[in-house]
Each structure stands twice: as C-alpha cells, then as structure tokens.
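Have a look at the structure below, then the notes.
FYI, side chains are in, hydrogens and waters are out, and symmetry mates aren't considered; it's all heavy atoms of this structure.
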Amino acid sequence: MYLSTSRAADASADTPAPEGPLRAVPGTVFALGLVSLVTDVSAEMVTAVLPLYLMAGLGMSPLAFGALDGLHQGATALLRLVGGRISDRTRRHKLVAGTGYALSAVCKAALLAVTTPWSVAAVLAADRTGKGLRTAPRDALISLSVPPGTQGRAFGVHRALDTAGALLGPLAAFGILWVAVDGYAAVFTVSACVAVLGVVMLALFVRQAPAPSAPAGPRARVQPPVRSLLRIAGLRRLCLTAALLGLFTVGDAFLHLLLQRRLDLSAVWFPLLPVGTAAVFLLAAVPLGRLADRIGRGRVFLGGHAALLGACLLLLAPLPAGALLVVGVPAALGLFYAATDGVLMAAAGPLLPPELRTTGLAVLQTAQALARFAGSLLFGATWTMWGPGPALGVAVVGLLLSLAAVSVSGGLRADGPS
C-alpha cells in the first residue's frame, strides 16, 4: 500500500503552495511540514516528561541521564549516513524517510512495555534509529524542491510547522498529566497514536522530488563517489564548525531541568517549560530563515549560538526566580533553534550536487550529532562530579572560546546570500 501510494504521488506534479506567508514554498515543503508537525506532537509529548520520568520516577543519575540524552541526540548518528546513502542510491527519499517515521512510531508504543532506565534507553535508541534514517532524506526532499536562493525560507517554513508540533506536544502532555491517574502511561499511549497518524500523512500527501537528470552515455548510472564530498571546502568548514559548537551545546532537557530547579516547579508543571521555547522557535523560524538568505546563513547560525550562550548566562546569574528567568531562558533557547536548525541545512544544500544531496546533509548532521553526544556526556559527568553550576560554567567557557575561534578563523566565510 505504501509503495503504490508513493509511486502514484511521485508521478504527479507538485501541488501549489498555500496563499499567504507560505506562498513562496512548494507544496512538498508544506506537506512535509505538516507531517513533521504531527510527528513532533508525538515526540515532544514524550520528551517533555522524560527528564522527570527518568530522574525522579526511575532514579536515574545525572551522569546516566547525560549519556541517555547524548544517545537521544547522536548515538545513532551514523545511521544518518546509512539513510542518506540508501536514499541517494535508490533515489527513493520518501520511502527511506517513511521507514524512519514508521520505526519511531513503533518505539512510542514500546515505551508502554518497559519499566527500567536502561530498557527505556534501548527503546529510545531504536527511536533515534528511526530519526537517523528519516532526517537527511526529509531535508533532501526540501532542498531539492526549491532553488538555492530560497533555501533558508523553505527550511524556515518547514521548521516553523515542525515547531508548532513541538509547541502542542508539551501542552498535550501537561493536559494528560493533569487529568490521568497513570499519567506517564497515558502520555505514551496518545503519543504512539499520533505518531501513526504522521506516517499515514507522509504516505498520502508527500510527493517525491524529481530525480536529478542523469548524464547521457555509458556512465549514466554511475554516481559520484562519496569521497568526492570531502573535496567540497564549504562542506568541510560547515562540518568542523557545527562539530566544534555542538561539543559545548547544552541540551534543552538539561536547561529545562536547571530552570525547574531555579523556579522550584512541581512535576505537573514541568512539561510547560518547553512551550515557551517552541513558541519563540515557531515565531522566529521563517523570519530568521529569510534573514539568513539575505545576510548570510553563517552569520545567523553563529548568532543562534550567541542566544544559547545568553540562556546559559541567565541560569548562572544570581537572579531571583522571577519573570526574567521564566521568559528569558525559553526565549533565548527558542532563538537558538530558529537560527541554527534549518539554517545549517540551508547553508549546506546549495554546496552539494543533487545526486549526493542526501548523503552530504547526512555527513553534516552526523558530525553535529556526534559532537552533541560527546557534549551531553561531558555535561552529565561534570554535573555528577561537581554539580550543575560548574557544569554550566564549563559549557559557557567552551561555547565562548568556540565562537571566538570560528569568528577569528572565518570558518563560515564562504557562506553568504545566495
């Protein structure tokens, strides 16, 4: 059923984009955004309750949670390369992405059957496998659907719709915990149902981007070797920059835990902390994507990390538990994601040949994800040994030095308006 639907969709022309602010992007981008919206409702329902569920409910230590958060961020990062390479070789971006979405949906249901920290970790590893398979093919579908000059806008629209799901997911988790007796099980059940809906939407509404034209002659079916990506200087610089900054990127789960401690919030209110972050991400994604197209994606990307630095400094400062913390930390974190997530993919897309677009994006995502995995381990270990304050201080110093190194070296100097 999925294959026949996919092939039928591939054969048809792309639908026009909706009127209004989204009119500049094709229907494929909008449809993928809606799929990501629904999928993110499912994912963020779980993510919103996971830190307290593991650390308060199951007794996981900060070091163990750092390892798990790193796993959630990047332990399966190498599978992005597998998904990207399969997608490029078969030119079935939609099918590979759909497989990843389906695997993640199964894992949401599996959370109902596990009750120990490391069984939860195993399920989350499988869930991240699904994300690893789907992310690069999905981003390739977006990148191949638009010209180089509007990559930032297209990824901004997709990330804005994706973040609408990130906004709704914690609200749904909060509502379930408010009314349900066995709150965590209810959250996992609803999350699994919503994830299945996302897979169905992908199968029915997302259309495969046209395959790049093959050259004529006897070598028409021969793809460029993957090692040719290493000769693209701009991609190398992007990978090094993303990895260096990713090493000192504090995950939002840790920042929300620190904010919850500063505000002394009860467990029931904890799922609402990501809502402010998602709201700012939603509002800023398209404007920052358009700004990146005009002034340079590297500048906006570095500005996003400056916003993350601001969130960490707010948590380190001896401020009273008031409006500045409640508003400032989620807002800065939302700006960080809006200025970095889609913008990084938009910067890389035009550098890559169409026949290796998915693999190239996967290489970049893998470099960043592995660095964030190492960073989560470092942060969790520092928290366990010396406490949350010193851990955050180490991250701030590392992020400052990394931003200075990238700025001085001109690591993103090749990027600019397209």
Side-chain angles (χ1 to χ4, degrees), residues 21 33 36-37 39-41 43-51 69 72-73 152-174 242 245-246 248-260 262-263 265 269-292 297 299-317 319 322-346 368 372 375-376 392 395-396 399 403:
S36 291
L37 186 156
T39 303
D40 238 37
V41 170
E44 293 301 323
M45 286 177 67
V46 174
T47 301
V49 302
L50 201 61
D69 185 59
H72 203 260
Q73 295 272 358
R153 182 200 302 266
F155 278 100
V157 168
H158 174 267
R159 287 339 191 235
L161 290 168
D162 179 271
T163 307
L167 179 67
L168 295 173
L171 290 174
F174 170 75
L245 293 171
F248 299 102
T249 296
V250 183
D252 50 355
F254 275 124
L255 291 179
H256 290 147
L257 278 172
L258 291 169
L259 184 58
Q260 185 257 349
R262 289 286 301 273
L263 301 176
L265 288 179
W269 296 97
F270 184 80
L272 292 182
L273 291 180
V275 172
T277 295
V280 174
F281 190 172
L282 174 63
L283 294 173
V286 175
L288 287 178
R290 298 178 66 181
L291 180 66
R297 291 150 194 162
R299 294 176 182 175
V300 174
F301 183 72
L302 294 181
H305 284 83
L308 175 64
L309 183 63
C312 295
L313 289 173
L314 280 175
L315 287 170
L316 275 177
L319 299 172
L324 184 57
L325 281 175
V326 172
V327 176
V329 174
L333 193 55
L335 287 173
F336 162 68
Y337 283 117
T340 57
D341 190 8
V343 169
L344 183 61
M345 296 300 101
Q368 184 182 55
R372 288 186 175 180
S376 289
L392 199 56
V396 165
L399 196 54
L403 284 170

Exercise. Please report the closest heavy-atom contact between A166 and D40, naming both atoms and the distance.
Key: CB-OD2, 3.4 Å
Exercise. Using side chain to side chain contact (heavy atoms under 4.5 Å, CB included) as the criterion, list what pairs up with L282, not counting sequence neighbours.
Key: A160, T163, A164, L167
Self-check item: Over all atoms of both residues, closest heavy-atom pair of L313 and V396
Solution: CD2-CG1, 3.9 Å
Quiz item: Which residues satisfy the side chain to side chain contact (heavy atoms under 4.5 Å, CB included) test with L283, sequence neighbours excluded?
Solution: none
Quiz item: Roughly how far, to the nearest 0.5 Å, is the CG atom of L288 from the CZ atom of F281?
Solution: 9.5 Å
Self-check item: Counterpart residues, side chain to side chain contact (heavy atoms under 4.5 Å, CB included), relative to T277 (two or more places apart)
Solution: H256, P330, L333, Y337
Self-check item: Set of residues satisfying ring-ring contact (aromatic ring centres under 6.0 Å, His included) with respect to F248, sequence neighbours excluded
Solution: none
Practice problem: Write down the atom of L245, the atom of F301, and the distance for their closest heavy-atom approach. | Solution: CD1-CE2, 3.8 Å
Quiz prompt | Heavy-atom closest contact (L335 atom, A284 atom, distance) | solution = CD2-CB, 4.0 Å
Exercise. Could you pull out the closest heavy-atom pair between L392 and C312, with the gap in Å?
Key: CD2-O, 3.6 Å
Quiz item: Which residues pass the side chain to side chain contact (heavy atoms under 4.5 Å, CB included) test with T39, sequence neighbours left out?
Solution: V35, Y101, R134
Quiz item: Does the side chain of T47 come within less than 4.5 Å of P274's, by heavy atoms?
Solution: no
Quiz item: When rounded to the nearest 0.5 angstrom, what distance separates CG in L171 from CE in M45?
Solution: 10.5 Å
Quiz prompt | Main-chain N/O of L315 paired to R262 side chain as donor or acceptor, under 3.5 Å | solution = yes
Exercise. Mind listing the closest non-hydrogen atom pair of A242 and L344 along with its distance?
Key: CB-CD2, 4.1 Å
Practice problem: Measure the CZ-CG distance between F336 and D252 for me, rounded to the nearest 0.5 Å. | Solution: 9.0 Å
Quiz prompt | Euclidean distance, L314 CG relative to L258 CG, rounded to 0.5 Å | solution = 12.5 Å
Self-check item: Residues H158 and S36: side-chain donor-acceptor under 3.5 angstrom
Solution: yes
Exercise. Any chance you could measure R299, atom CZ, to L291, atom CG, to the nearest 0.5 Å?
Key: 10.0 Å
Quiz item: Can you pull the salt bridge (charged side-chain N to carboxylate O under 4.0 Å, His left out) pairs that have at least one residue in residues 331-342, sequence neighbours excluded?
Solution: R159-D341
Self-check item: Residue pair V250, L399: steps toward the side chain to side chain contact (heavy atoms under 4.5 Å, CB included) verdict
Solution: CA-CA 10 Å; V250 183; L399 196 54; over 6 Å; no
Practice problem: Keeping to residues at least two apart or across chains, list the salt bridge (charged side-chain N to carboxylate O under 4.0 Å, His left out) pairs with something in residues 301-312. | Solution: none
